[in-house]
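To find a chain, count down the sequence lines: A is the first, B the second, and so on, and within it residues start at 1. Side chains included, hydrogens not; waters and symmetry mates left out as well; all remaining heavy atoms used.
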Amino acid sequence: MEGLSRDFFLEDTRKVAKNLLGKIMVRNLPEGKVRGKIVETEAYLSHNDPACHASRGKTKRNEMMFGPPGRAYVYFIYGMYYCFNVVTREKGRGEAVLVRALEPLEGIDIMKERRGVEDFFNLTNGPGKLCQALGIDKGLNGVDLLEGDLVILDRGEKPEIEASPRVGIRVARARLLRYYIAGNPHVSGISRSKIKEIMENKGATQN
DNA sequence: GGTGGGATTAGCT
DNA sequence: GCTAATCCCACCA
């Protein structure tokens, strides 16, 4: 397991979004360490992408999107939730990758406590949920993800990737800028019965 | 199993 | 005023 280079975040944002799948988010909290594998991301581009916060220029809210690559862009949404993004491309470009879901690996009890739920499959399967589980809020806006209490590590995984339209976005529906690990039960929006089905198949193939 | 509304704030028109 | 890169619960089938 090793850290990512600055160059990792300089590439095409769609490529970074896909490359982030299978990487490990590590968060150090007062209660202990929390780790999760990234299983779902979305790309937000600076050109010809009206859904991107940076598409109408720099504001107080989105200024971190125009900062250097490999840093966090955290914003507040719907009056209650935070969303966590990774800044990509060269400084001033205004592109980022939204992390939409994780597979919990370590610190499950801490996540349950912070989320206020017991269900293992309802801890980090959504952008607002994973921020709550990992204690990510406005205070982490702009922090460097190569070092500190919130970092992303490489475990050398090369998952099978599928693409779809972005979630909750009305414009640019034709563009497939959402990426996720095929068949992973922690991807957002999967029904209870589908999760059960996936887990049963997994058990069958492993034995 | 699926849907519709409420919570609650910042930013934009 | 309205909408938003969301989530949860009550309610219906």
- Task: Tell me which of A:Ile169 and A:Asn122 sits closer to the 5' end of DNA chain C, going by the nucleotide each one is nearest to.
- Result: A:Ile169

- Message: Any carboxylate oxygen within less than 4.0 angstrom of a Lys/Arg side-chain nitrogen, looking at A:Glu42 and A:Arg100?
- Response: yes

- Query: Has A:Arg170 got a side-chain N or O lying under 4.0 Å from the OP1 or OP2 atom of C:dA4?
  - Reply: yes

- Message: Does the structure show a Watson-Crick or G-U wobble partner for C:dT6, both distances under 3.5 Å? Name it, or say none.
- Response: B:dA7

- Query: Want to settle it: does A:Ile77 or A:Asn62 sit nearer the 5' end of DNA chain B, counting the closest nucleotide to each?
  - Reply: A:Ile77

- Item | Heavy-atom donor-acceptor pair, A:Tyr75 side-chain to B:dA10 base, under 3.5 Å | no

- Message: Within the 4.5 Å heavy-atom criterion, are A:Tyr179 and A:Leu177 side-chain neighbours or not?
- Response: yes

- Query: Taking A:Arg89 for the side chain and A:Glu95 for the main chain, is one N or O donor matched with an acceptor at less than 3.5 Å?
  - Reply: no

- Can a donor-acceptor pair be found between the side chains of A:Asn19 and A:Lys15 at a distance below 3.5 Å? no

- Query: A:Met65 side chain: which of B:dT8, C:dA5, C:dC8 is closest?
  - Reply: C:dA5

- How long is the line joining CE of A:Met80 and C1' of B:dA10, in whole Å? 15 Å

- Message: Taking the side chain as everything from C-beta on, heavy atoms only, tell me whether A:Ser164 gets closer than 4.5 Å to A:Tyr180.
- Response: yes

- Note on the structure: Rounded to whole Å, the CD-P distance (A:Glu63 to B:dG11) equals 11 Å

- Query: What distance, rounded to whole Å, do you find between the two P atoms, one in C:dA5 and one in B:dG2?
  - Reply: 25 Å

- What nucleic acid atoms does A:Arg166 come within less than 4.0 Å of, heavy atoms only: base, sugar-phosphate, or nothing? nothing

- Query: Any side-chain N or O of A:Ser191 under 4.0 Å from OP1/OP2 of B:dG2?
  - Reply: no

- Message: Angle between ring planes, A:Phe121 versus A:His186, binned at 30° and 60°: parallel, tilted or perpendicular?
- Response: parallel

- Query: Between C:dT6, B:dG1, B:dT13, which one does the side chain of A:Arg56 approach most closely?
  - Reply: B:dT13

- Does C:dC7 have OP1 or OP2 sitting under 4.0 Å from an N or O in the side chain of A:Arg115? no

- Closest to side chain of A:Pro127, choosing from C:dA4, C:dC7, B:dG1: C:dC7

- Nearest-neighbour nucleotide for the A:Ser193 side chain, C:dA4, C:dA5, B:dG1 considered: B:dG1

- Query: Reckon A:Lys129 has a side-chain N or O less than 4.0 Å from the OP1 or OP2 of C:dC8?
  - Reply: yes

- Task: In whole angstrom, give the distance that lies between atom CG of A:Asn85 and atom C1' of C:dT6.
- Result: 14 Å

- Item | Distance in angstrom units between A:Arg61 CZ and C:dT3 P, rounded | 16 Å

- Query: Nearest-Å distance, CD (A:Glu95) to P (C:dA5)?
  - Reply: 17 Å

- Message: Applying a 4.0 Å non-hydrogen cut-off, can you work out what A:Phe76 is touching in the nucleic acid: base, sugar-phosphate, or nothing?
- Response: sugar-phosphate

- Task: May I ask you to say what A:Gly79 touches in the nucleic acid, namely base, sugar-phosphate or nothing, with a heavy-atom cut-off under 4.0 Å?
- Result: base

- When rounded to whole Å, the CD1 to P distance for the pair A:Ile190 and B:dG2 reads 13 Å

- For A:Tyr81 and C:dT6, do the ring centres fall under 5.5 Å apart while the planes stay under 30° apart? no

- Note on the structure: A:Lys60 NZ to B:dC12 P, in whole Å, measures 13 Å

- Whole angstrom value for the distance that separates P of C:dA5 from CD of A:Glu42: 10 Å

